[in-house]
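The structure's right below; bear with me while I get my questions together.
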Amino acid sequence: MELATRAAKIGVFDWDIRTNTLYWSQEQYEIFGLPPKISPETYETWSSCLHPETRERTIAEFMEAVNSKSRFDSDFQICRSDGSSRIVRADSRVIREVTGEAIRVIGVNIDITEQRRVEAELAQARMQAEAGARAKAEFLANMSHEIRTPLNAIVAMADLAISDSLPPNVQEQLSIIASSANHLVDTVNNVLDLSKLDASKLEISRASINLRSFFGDIERMFRVKANEKSLDFSVELENRDDCYVLLDEVRVRQILTNLIGNALKFTPRHGRIAVFGALMRTEQGDEQLRVEVSDTGPGNPLEKQALIFEAFTQADSSTTRNFGGTGLGLSICKRLTELLDGELSVKSVPKQGATFALLIPVERISKPVLEQTTSEPQRSSLTNLRVLVAEDNPINQKVVAKLLSRVGITPIMVENGEEAVQRIVTGEQFDIILMDCQMPIMSGYEATQEIRLREIEMGLKPTIILAMTANALDGDRERCLEVGMNDYIAKPIRSQQFELILHRWAENLREDEHSSAGRLSTVSPH
């Protein structure tokens, strides 16, 4: 027994309450930092070793157990003769006579000082890691906001100018500006996506999509860029009929955008890029969407192919100089694919090109009864809208005014959330409020909550409030909806996307007016 307790570093004690004699094992003496004694010890020997700062509390807890309980299980602090402080865990039992009188306390003590130290260090490390994660998230959010705010003006104004009748050389110059700005937006998005993947904050949301329409959108998205390089560009779906499946359209589109974007970047002029999609069945009978993206670019040797899926890594360091890029795109594609329970692989031959194969599990479904349309209503339907814009940045005020003027709307401008609230309080009515989120005096979040409260108090119909923000991290959209906004437009704003959202909410307004059921919908109409 003595050998076992010593090996386990467990001290054994036995206090006879009637004689006040205390037995300690050899390990018990070592725990308390006392030399072993032959003469019997007493209760006072134990109590004298208790740390002065906690002695009174520990004795009170021990005597309470002796007087009214069956056990004394507690952690207490002791002060050893060498001046060191230790933490001891007691696991003991109170033995009583039939009358209930306590006659003995027997149990064990374990020195848990080191365990507590490790626990404290782990807790501190966890706190530091959480603080670092919060600081990183705040930095990324601020970086995103600060970069997207000026980019909003660049992208939107270039987009508007390109659509005007301008000389070819001016159009070309504006196209270069727009292309460069969009490339910068993509780079920012990749950095943010990588951060969200590292933090496991990306969620999968499957919905019904028409594969034929989906591949048609992909083809239209890249056709212009392919033509600019005189590429033989094709996008083909094996099943040419309408085919509906459940998948995360946003994430799959993001993967294909990266893959096709890389093919466009690396394929030389007059080369070929082919995108081919097909539904396949596995041996187990499950359905998968297979998409192959082939190009006639430089290709990569076999030993370098595994490297291209690693973050910040490119198969050849010279590609940074020749083609640009951060080395994040394919890493994000790989990790998004894994998040979708799919597979992403590559086959490549140097100087002949590469083929990336994407396999994503899908579920084929019948055509939805009410298939939403993405067709754009006539622009004349927006001309009667009364729109309030809350935006503190003067340049972005001009950008939004230009975007709205294209569809026949002359907005009313305010510079912060407080002014937007005052417009509502004074009785002005608006069909739509475009609300920036970060503004001085009162933010868009605070303003929206205040407007919703005032609308209830004043018995007003809720106004459609659309967030218009440079915050684009996961959770920002949800935060906007939680405070009472109806939809979310991320900066930089693309004119077509902006107009499409306006049209959808305008249609929502008309439907609500016809039904006389109010015009606030808690669910986005798209």
Side-chain angles (χ1 to χ4, degrees), residues 179-180 182-183 186-187 189-190 193-194 211-212 214-240 251-280 288-338 340 342-360:
S179 177
S180 298
N182 285 321
H183 175 70
D186 290 340
T187 301
N189 288 340
N190 280 339
D193 283 341
L194 185 66
L211 276 184
R212 185 174 62 83
F214 177 74
F215 275 79
D217 290 342
I218 294 293
E219 196 274 338
R220 286 187 291 273
M221 186 187 304
F222 292 100
R223 170 60 61 188
V224 173
K225 289 185 178 180
N227 289 342
E228 289 174 356
K229 292 185 70 172
S230 301
L231 298 175
D232 178 6
F233 179 66
S234 65
V235 177
E236 183 180 354
L237 180 64
E238 186 178 55
N239 187 344
R240 296 181 179 275
R251 302 305 175 199
V252 175
R253 185 185 297 272
Q254 187 175 359
I255 294 170
L256 293 181
T257 297
N258 266 302
L259 294 179
I260 300 172
N262 272 354
L264 284 167
K265 178 167 65 174
F266 292 111
T267 303
R269 293 182 64 84
H270 306 295
R272 183 175 185 276
I273 296 174
V275 181
F276 179 77
L279 282 177
M280 305 173 59
Q288 292 182 318
L289 172 64
R290 180 179 178 86
V291 185
E292 293 185 352
V293 179
S294 302
D295 64 61
T296 56
N300 292 301
L302 182 62
E303 65 272 13
K304 296 292 185 70
Q305 291 175 23
L307 296 175
I308 62 178
F309 292 114
E310 296 182 9
F312 308 105
T313 302
Q314 294 180 322
D316 187 340
S317 60
S318 65
T319 57
T320 302
R321 294 186 297 273
N322 295 333
F323 299 100
T326 60
L328 290 178
L330 289 178
S331 172
I332 291 171
C333 287
K334 184 73 170 179
R335 295 172 71 174
L336 284 176
T337 302
E338 292 170 351
L340 294 167
E343 298 177 10
L344 179 61
S345 59
V346 60
K347 292 182 179 179
S348 181
V349 178
K351 299 182 180 180
Q352 294 185 28
T355 297
F356 288 85
L358 173 68
L359 277 174
I360 298 292

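Just so it is clear, the structure is predicted and the values come from calculations on it, not from any experiment. Sequence positions, counted from 1, serve as the residue numbers for this chain.
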**Request:** Please identify each residue that fulfils salt bridge (Lys or Arg N to Asp or Glu O under 4.0 Å) with E343, with sequence neighbours left out.
**Result:** none
**Prompt:** Is there a side-chain contact between N258 and F356, using heavy atoms and a 4.5 Å cut-off?
**Reply:** no
**Prompt:** Mind checking what makes side-chain hydrogen bond (donor to acceptor under 3.5 Å, both in side chains) contact with T296, not counting sequence neighbours?
**Reply:**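 Not a single residue meets the side-chain hydrogen bond (donor to acceptor under 3.5 Å, both in side chains) criterion with T296.
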**Message:** Using side-chain heavy atoms (C-beta onward) and a distance below 4.5 Å, is D295 in contact with F266?
**Reply:**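 No, too far: nothing below the 4.5 Å cut-off.
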**Message:** So, taking the atom named NZ in K265 and the one named NZ in K229, what distance separates them when rounded to the nearest 0.5 Å?
**Reply:** 10.0 Å
**Complete:** Interatomic distance, CZ@R290 vs CD@E238, rounded to 0.5 Å, equals 11.5 Å
**Item:** Those residues that, when tested against R220, pass salt bridge (Lys or Arg N to Asp or Glu O under 4.0 Å) (two or more places apart)
**Value:** D217
**Reported SG-to-CD distance for the pair C333 and Q254, which is rounded to 0.5 angstrom** =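 Here the interatomic distance stands at 7.5 Å.
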**Asked** Are L259 and L344 close enough that some pair of their side-chain heavy atoms sits under 4.5 Å apart?
**Response**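 Yes, close enough: below the 4.5 Å cut-off.
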**Heavy-atom side-chain contact between K334 and E338 under 4.5 Å** =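 Yes, close enough: below the 4.5 Å cut-off.
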**Prompt:** Any sub-3.5 Å donor-acceptor pair from R223's side-chain atoms to F233's backbone N or O?
**Reply:**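 Yes: the side chain of R223 pairs with the backbone of F233.
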**Prompt:** Hey, mind stepping through V275 and L256 against side chain to side chain contact (heavy atoms under 4.5 Å, CB included) and telling me if it holds?
**Reply:** CA-CA 9 Å; V275 181; L256 293 181; 5.6 Å; no
**Asked** Which residue pairs satisfy the side-chain hydrogen bond (donor to acceptor under 3.5 Å, both in side chains) criterion with at least one member in residues 350-360, sequence neighbours excluded?
**Response**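 Every side-chain hydrogen bond (donor to acceptor under 3.5 Å, both in side chains) pair that includes a residue of residues 350-360, provided the two are not neighbours, is S294-T355.
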**Item:** Nearest-0.5 Å distance that lies between atom CG in L289 and atom CG in L279
**Value:**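 One gets 6.0 Å once the value is rounded to the nearest 0.5 Å.
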**Interatomic spacing from CD1 in I332 to CD1 in I255 - rounded to 0.5 Å** =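 If I round to the nearest 0.5 Å, the distance is 10.5 Å.
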**Prompt:** Who passes side-chain hydrogen bond (donor to acceptor under 3.5 Å, both in side chains) against S230, sequence neighbours left out?
**Reply:**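 Testing S230 for side-chain hydrogen bond (donor to acceptor under 3.5 Å, both in side chains), a comparison that skips the adjacent residues, returns R269.
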**Message:** For a 4.5 angstrom cut-off between non-hydrogen side-chain atoms, does F214 reach L237?
**Reply:** no
**Message:** Minimum heavy-atom separation for P268 and G297, please, with both atom names.
**Reply:**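 Smallest heavy-atom distance, with atoms named: CD-CA, 4.1 Å.
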**Request:** For T337, check side-chain hydrogen bond (donor to acceptor under 3.5 Å, both in side chains) against everything at least two apart and list the hits.
**Result:**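 Scan of T337 (side-chain hydrogen bond (donor to acceptor under 3.5 Å, both in side chains), adjacent residues dropped) gives none.
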**Asked** To the nearest 0.5 Å, how far apart are CZ in R253 and CG in L336?
**Response** 14.0 Å
